[in-house]
Amino acid sequence: MLPPIVSTISELRSLVAAARRGGKRIGLVPTMGALHAGHAALIRAARLECDYVVVTIFVNPTQFNQPSDLERYPRTLDADRQLCGAVGTDLIFHPPVEEMYPPGSLTSVEVGGLTDHLCGPSRPGHFRGVATVVMKLFNIALADTAYFGQKDAQQLRVIEQMSRDLNVFTEVRGVPTVREADGLAMSSRNRFLDPTERSGATAIYRTLNLVREKVLRGERNVSELEAFLRQTLLSTPGTRLDYAQIVDAETLQPLTHIEKRALAAVAVYFGPTRLIDNIHLDLG
Ligand code: AMP
């Protein structure tokens with residue numbers, strides 16, 4: 001069944017309030033649309049734990065640093081609605097920009113520290129845009145639980161930290177990355193890859209796994225591991241590296257030695273398309 005779409009905050013609030021009065025647990029899945037199996041996994045996770053699942057589809061302008069990236073971001077509302085219906089969504093919230101950002105908004109949310117590295121430096125203002133829109137969605141939907149992908153590991157940490165620091169009512173859950181059969185993390189941006197880039201992109205997860213194997217075999221020196229990660233990624237024709245780093249999985253600060261919970265994270269360009277991925281390097 002195709003879920004209804006609402007575009008105003010007041011409609012969303014009254015439908016969620018009615019569901020809550022009916023004793024339902026509310027699940028929230030924030031997305032920017034162009035939905036794929038990764039998003040479907042978030043919706044399924046919400047479905048398992050909640051009785052009323054709200055998917056938001058909003059291409060949030062404040063998290064884009066490049067106007068061209070915002071402009072070419074895919075918008076596929078009809079197909080998104082089909083996917084939402086197929087995996088069990090009760091309501092889609094699809095607001096216009098003016099509904100989320102009426103003129104005169106002056107407040108934003110900045111999460112310190114966690115954005116010093118990885119995507120932070122190359123995407124200034126990105127995480128402020130993400131944290132602000134997610135905080136707004138949390139306040140609008142007042143869901144019990146919200147679901148985010150581990151593919152965007154830094155985003156997930158920023159949202160977890162924001163929720164903890166600002167005493168957010170909604171609980172935050174991370175959902176494992178969904179991948180294509182050849183390991184490439186599903187992303188709305190994969191559709192921009194030409195066939196050569198698409199086959200080159202399989203190097204990302206393959207290389208992250210090789211790093212993980214090295215750690216499992218006893219390598220602990222982060223500069224050695226990062227050098228291997230960078231060289232291996234760069235040996236794929238047509239790649240350009242934004243970053244390839246190993247950081248503490250909690251603080252997202254650089255490490256010199258792998259001790260407990262580490263995260264290897266990369267951002268790689270194939271032509272104009274920037275892909276990110278990560279892998280946890282946990283020691284027993
Ligand atoms: P986006 O629409 O790209 O902003 O993503 C919306 C949500 O889906 C975010 O929480 C992402 O982390 C999550 N997501 C995107 N791709 C994947 C994936 N391949 N596996 C799991 N979650 C994903």
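First listed ligand is number 1; within each ligand, the first listed atom is number 1. Predicted model only: the values in this text are computed from it and were never measured.
For Gln253, the CD atom is densely surrounded, since the number of other residues' heavy atoms within 6.0 Å is greater than 12.
Remark: distances from the non-hydrogen atoms of Gln155 to ligand 1 include one below 4.0 Å.
Distances below 4.0 Å separate heavy atoms of Phe148 from the following atoms of ligand 1: 10 (O). Heavy-atom proximity to Met186, at under 4.0 Å, picks out these atoms of ligand 1: 16 (N), 17 (C), 18 (C), 19 (N). Within the listing of ligand 1, atoms 21 (C) sit less than 4.0 angstrom from a heavy atom of Pro176.
Atom 20 (N) of ligand 1 has as its closest protein heavy atom Val178 N, 2.9 Å. At the top of the distance list for atom 1 (P) of ligand 1, counting protein heavy atoms only, stands His39 NE2, 3.7 Å. Atom 22 (N) of ligand 1 has Gly149 CA, 3.5 Å as its closest protein atom, hydrogens excluded (heavy atom only). In terms of protein heavy-atom proximity, atom 14 (N) of ligand 1 is nearest to Asp152 OD2, 4.2 Å.
Under the 4.0 Å criterion applied to side-chain N and carboxylate O atoms, Arg206 and Asp182 are not assigned as salt-bridge partners.
Using cut-offs of 30° and 60° on the angle between ring planes, the pair Tyr101 and Phe58 is tilted.
Proximity of Met32 to ligand 1, defined as any heavy-atom pair under 4.0 Å, is shared by backbone and side chain alike. Contacts between Gln150 and ligand 1, counted as non-hydrogen atom pairs separated by less than 4.0 Å, are absent for every part of the residue. Of the heavy atoms in Leu42, only side-chain atoms (C-beta onward) come closer than 4.0 Å to ligand 1. Only the side chain of His36 comes within 4.0 Å of ligand 1, judged by heavy-atom distances. Under 4.0 angstrom from ligand 1, the non-hydrogen atoms of Tyr73 all belong to its side chain.
Arg25 and Thr145 form a side-chain donor-acceptor contact under 3.5 Å, judged by distance and modelled atom types alone.
In this structure, Arg72 satisfies the cation-pi test against Phe192, with its NZ or CZ atom closer than 6.0 Å to the six-membered ring centre and inside 45 degrees of the ring normal.
Of the polar atoms of Pro30, none of the N or O atoms is found under 3.5 Å from an N or O of ligand 1, judged by distance alone.
Not a single donor-acceptor pair under 3.5 Å links the side chain of Asp277 to the backbone N or O of Ala267. A donor-acceptor pair is defined here as one N or O able to donate and one able to accept, closer than 3.5 Å; no such pair exists between the side chain of Arg179 and the backbone of Met186. A donor-acceptor contact shorter than 3.5 Å is absent between the side chain of Glu226 and the backbone of Gln245. A donor-acceptor pair under 3.5 Å is absent between the side-chain atoms of Thr89 and the main chain of Gly85, judged by distance alone.
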